K.L.:
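Have a look at this one before I ask anything.
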Amino acid sequence: MTQQVVNFNAGPAGLPRPVLERAQAEFLDFAGTGISVMEHSHRGKAYEKVHFEAIALTKELLGVPDTHAVLFVQGGASQCFATVPMNFLLPEQSADYVITGTWSKKALSEAKLIGQTKVAGTGDVEGNFIKIPKQSELKLDANAAYCHITSNNTIAGTQWHNFPNTGSVKLVADLSSDIMWKKIDVSKFGLIYAGAQKNIGPSGVTMVIVDKAWAAAASQKIPVIFRYQTHIENDSLYNTPPTFGIYMAKLVLDHLKETGGLDGAEKRNREKGRILYGAIDGSGGFYKCPVETDARSLMNVVFRLPSEALEEQFVKESEKLGMIGLKGHRSVGGCRASIYNAVTVEGVKQLADFMGEFARKNG
Ligand SMILES: Cc1ncc(COP(=O)(O)O)c(C=O)c1O
């Protein structure tokens with residue numbers, strides 16, 4: 001039997017084991033139809049049921065209000081970097097961007113191709129994205145078309161724990177790496193987008209939750225496929241959707257519901273964070289988290305060891321023990337444990353125990 005792996009990959013990330021087992025069991029014969037779900041027409045009854053259940057489960061779990069639509073689109077979060085300003089940054093307008101890492105910088109670059117932008121705040125401290133700006137530090141434009149934030153910074157390991165108050169300006173957020181980690185008040189957002197491959201399912205599906213009235217008033221001067229309104233009007237069935245990916249997302253959402261919903265997820269995620277940051281802070285300085293304490297991410301825990309050589313050894317030894325994906329992003333180095341919903345409390349305990357042992361041997 002192969003060794004059970006604890007997957008700390010940043011994305012695509014691990015999926016809950018029971019979800020993979022269910023997909024495996026249904027793979028050749030979906031719902032007694034004699035064929036796989038991915039062989040069904042996206043206009044047929046068997047797939048449609050999956051599709052609308054995935055949307056309904058998202059609404060139920062996140063408490064999405066009737067003012068907002070849940071969409072499944074393609075092109076990843078990267079395409080949303082472009083389609084958000086294409087839809088909502090109209091001529092003569094300017095959009096605010098809060099820059100807290102690599103991904104918000106990319107979102108800003110795309111918006112600059114479309115229209116005017118302003119940087120409303122930054123998480124940069126002497127060249128390192130180690131904080132989340134406080135409300136008092138933001139320079140918000142009261143007339144902005146919208147204000148864009150990245151709720152969790154997958155590479156830097158920072159997370160917004162209180163979303164900014166942007167007044168009457170629509171808040172747009174990239175939740176790619178922390179959607180569904182806990183309940184949020186969706187009514188506060190004009191638009192949320194998230195690539196599925198961390199907390200929702202496999203790559204290839206992007207979830208968008210958008211204010212319907214705002215989408216209806218968006219630009220008509222862009223290709224039909226890029227208009228959020230098109231996907232609202234067609235229930236995300238305008239083009240052939242990534243049916244297998246949406247099916248997998250539906251199984252993940254089913255599993256989330258069965259395991260206590262988002263309150264259950266939050267409880268587990270806080271416990272995992274407590275264990276892992278505890279292992280860092282309790283190591284007598286062997287492990288150091290470069291991020292300001294109140295900005296620490298509960299999804300991507302970044303830490304450094306006393307030397308790069310020790311970091312390399314740490315990654316190698318952890319892999320031998322079946323814990324994979326602990327190397328930090330190549331742009332920042334160090335180590336990173338991505339502890340999305342599918343990583344269990346037991347998996348995190350295993351890592352914390354190993355960290356303690358490694359520090360004792362090499363400290
Ligand atoms: C916060 C965040 N935004 C955007 C992206 C880019 O997502 P995609 O590859 O789906 O375009 C990532 C990828 O890791 C991410 O972590």
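Ligands are counted one by one from 1 in listed order, and the atoms in each one are counted from 1 as well. Just so it is clear, the model here is predicted, and its values are computed rather than measured. Below, all heavy atoms of this structure are taken into account, side chains as well, without hydrogens, waters or symmetry copies.
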K.L.:
Which residue and non-hydrogen atom of the protein lie closest to atom 6 (C) of ligand 1, and at what distance in Å?
P.N.:
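Going atom by atom, the protein heavy atom closest to atom 6 (C) of ligand 1 ends up being W103 CZ3, 3.5 Å.
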K.L.:
Verify, without hydrogens or angle tests, whether D96 (side chain) and C147 (backbone) share a donor-acceptor contact under 3.5 angstrom.
P.N.:
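Answer holds: no.
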K.L.:
Does the side chain of D185 pick up a donor-acceptor pair with the side chain of S187 at under 3.5 Å?
P.N.:
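Looking only at side-chain atoms, S187 and D185 do form a donor-acceptor pair, the distance falling under 3.5 Å.
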K.L.:
Is there at least one pair of N or O atoms, one from K198 and one from ligand 1, spaced under 3.5 Å apart?
P.N.:
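Yes - when backbone and side-chain N and O of K198 are compared with those of ligand 1, one distance drops under 3.5 Å.
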K.L.:
If you measure every N or O of Q79 against every N or O of ligand 1, does any of those distances drop under 3.5 Å?
P.N.:
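Between Q79 and ligand 1 (N or O atoms, distance only) the closest approach is not under 3.5 Å.
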K.L.:
Quick one about Y193 and Y228 (side-chain donor to acceptor, distance below 3.5 Å, no hydrogens or angles considered), yes or no?
P.N.:
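Their side chains do not contain a donor-acceptor pair, so the 3.5 Å distance test is not met.
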K.L.:
So if I apply the side-chain contact (heavy atoms from CB on, under 4.5 Å) rule between W103 and each of N152, I155, L108, which one comes out positive?
P.N.:
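The side-chain contact (heavy atoms from CB on, under 4.5 Å) with W103 is passed solely by I155 among N152, I155, L108.
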K.L.:
Tell me whether Q197 has any N or O atom under 3.5 angstrom from an N or O of ligand 1.
P.N.:
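N/O-N/O distance under 3.5 Å: yes.
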K.L.:
Counting each atom of ligand 1 from 1 as listed, which ones have a heavy atom of F81 under 4.0 Å away?
P.N.:
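Here the atoms of ligand 1 in question are 4 (C).
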K.L.:
Can you tell which of S203, S78, G195, A173 gets a heavy atom nearest to atom 11 (O) of ligand 1?
P.N.:
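Nearest option to atom 11 (O) of ligand 1, by heavy atoms: S78.
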K.L.:
Does A77 reach ligand 1 with a nitrogen or oxygen that is under 3.5 Å from one of the ligand's nitrogen or oxygen atoms?
P.N.:
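For ligand 1, there is an N or O atom that lies under 3.5 Å from one belonging to A77.
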K.L.:
Any chain of hydrophobic side-chain contacts (each under 4.5 Å) joining V50 to F52?
P.N.:
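Yes: a chain of side-chain contacts under 4.5 Å links V50 to F52.
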K.L.:
Going by the order shown, which atoms of ligand 1 are within less than 4.0 Å of some heavy atom of G76?
P.N.:
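Answer for ligand 1: 10 (O), 11 (O).
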K.L.:
With a 4.5 Å cut-off on side-chain heavy atoms, are H40 and T243 touching?
P.N.:
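Sidechains of H40 and T243: no contact.
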K.L.:
Are any of the N or O atoms of N152 closer than 3.5 Å to those of ligand 1?
P.N.:
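No; every N/O pair is 3.5 Å or more apart.
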K.L.:
Nearest to atom 16 (O) of ligand 1 by heavy atom, T154, T150, D174: which?
P.N.:
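Nearest heavy atom to atom 16 (O) of ligand 1 lies in T154.
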K.L.:
Quick one: do the Y340 and N300 side chains pair a donor with an acceptor below 3.5 Å?
P.N.:
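Looking only at side-chain atoms, N300 and Y340 do form a donor-acceptor pair, the distance falling under 3.5 Å.
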